[in-house]
Amino acid sequence: MIRLERIERVFRVGDEEVHALRDVSLEIARGEYLSIMGPSGSGKSTLLNIIGLLDRPDAGRYQFEQRDVTALSDDELAGVRSERIGFVFQFFHLVPRLTAEQNIELPMMLAAIEPAERKRRLARLLAQYGLESRARHRPDQLSGGQCQRVAIARAMAMQPAVILADEPTGNLDRHTGTEVMAVLEGVHQAGAIVALVTHDPEIGARATRRLRMVDGAVVSDEGA
């Protein structure tokens, strides 16, 4: 499904080179549930961005669904992201002026999904994530947990094979964070890859596979 071979990513900060990823090789099978942990600056989010095609490696090879995506154009990468990868972020990244249902529907509109199909998917997602009574509320009228459920529903709107979550509980209290994790684990149980970055060892331990990163390198891979 996902295969990274000797991935390198280097950022230049002033006159200094920062090696965000060092010789990272990794395979992720269909339906896996993994956490990526490590100290700040260890390369966790950079790795997630490479996997999600939001960033490009400086060296190495990336195969996604048996397709070499390393040298795809920006438009081609955007097409793969839109159709196959969903994203969930710590601060939700919802469009403030849109309602919950409009936020969920947005990626389907951008992908030119037919209105009848959009309506069918939207009704299913609102019901699945317990948002029917909040469908016409804007983000500022929702709780943090409700906003994250909207974000997860939006990520699932295009029926992706992969969900990538960067600190999905980092802006939530413990109880709400546990509820959000149950939602993400339901996504995994439905067959999608779920990969999440977290600083919380309890959240990380819930995953069936646990990567630990230090200084841009994967130093342990438990449950592989």
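In what follows, every heavy atom counts, from backbone to side chain, and hydrogens, waters and symmetry copies are set aside.
- Remark: L47 CG to M213 CE distance equals 5.0 Å, nearest 0.5 Å.
- Side-chain contact between M1 and E32 is absent, with no heavy-atom pair separated by less than 4.5 Å.
- Note: L21 CG to D55 CG = 8.5 Å, rounded to the nearest 0.5 Å.
- Salt bridge status for E65 with R84: present, with a side-chain N to carboxylate O gap under 4.0 Å.
- For the atom pair L126 CG and I104 CD1, the distance stands at 4.5 Å (nearest 0.5 Å).
- Contact check on E117 versus R121 returns a salt bridge, with a Lys/Arg side-chain nitrogen under 4.0 Å from an Asp/Glu carboxylate oxygen.
- Around CD of Q66, the count of heavy atoms belonging to other residues, nucleotides or ligands within 6.0 Å does not exceed 12.
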**Message:** Could you walk me through whether V218 and L26 satisfy the side-chain contact (heavy atoms from CB on, under 4.5 Å) test, starting with their C-alpha distance in whole Å, then the side-chain angles of each, then the deciding distance to 0.1 Å, before giving a yes or no?
**Reply:** CA-CA 9 Å; V218 175; L26 181 65; 5.6 Å; no
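- Contact check for I163 versus M156: side-chain heavy atoms found under the 4.5 Å cut-off.
- With values rounded to the nearest 0.5 angstrom, L142 atom CG is found 8.0 Å from L131 atom CG.
- At least one side-chain heavy atom of I51 sits less than 4.5 Å from a side-chain heavy atom of I28.
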**Asked** Passes salt bridge (Lys or Arg N to Asp or Glu O under 4.0 Å), E185 versus R206? Steps please.
**Response** CA-CA 9 Å; E185 286 163 1; R206 295 173 69 123; 2.8 Å; yes
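- Ion pair D200/R174 flagged as a salt bridge, since at least one NZ, NE, NH1 or NH2 atom sits closer than 4.0 Å to an Asp/Glu carboxylate oxygen.
- If you take CG on N103 and NE2 on H93, they are separated by 12.5 Å, rounding to the nearest 0.5 Å.
- To the nearest 0.5 Å, atoms CZ (R118) and CE (M109) are separated by 5.0 Å.
- Side chains of I193 and L164 form no contact here, defined as non-hydrogen atoms less than 4.5 Å apart.
- Using a 4.0 Å cut-off between a side-chain N of Lys or Arg and a carboxylate O of Asp or Glu, D68 and R3 do not qualify as a salt bridge.
- Taking 4.5 Å as the limit, every side-chain heavy atom of S25 sits out of range of all side-chain heavy atoms of L4.
- R22 has no carboxylate O lying under 4.0 Å from a charged side-chain N of D215, or vice versa, which leaves the two without a salt bridge.
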**Asked** Going through the checks in order, is the salt bridge (Lys or Arg N to Asp or Glu O under 4.0 Å) test met by D74 and R81?
**Response** CA-CA 10 Å; D74 289 345; R81 282 197 306 271; over 6 Å; no
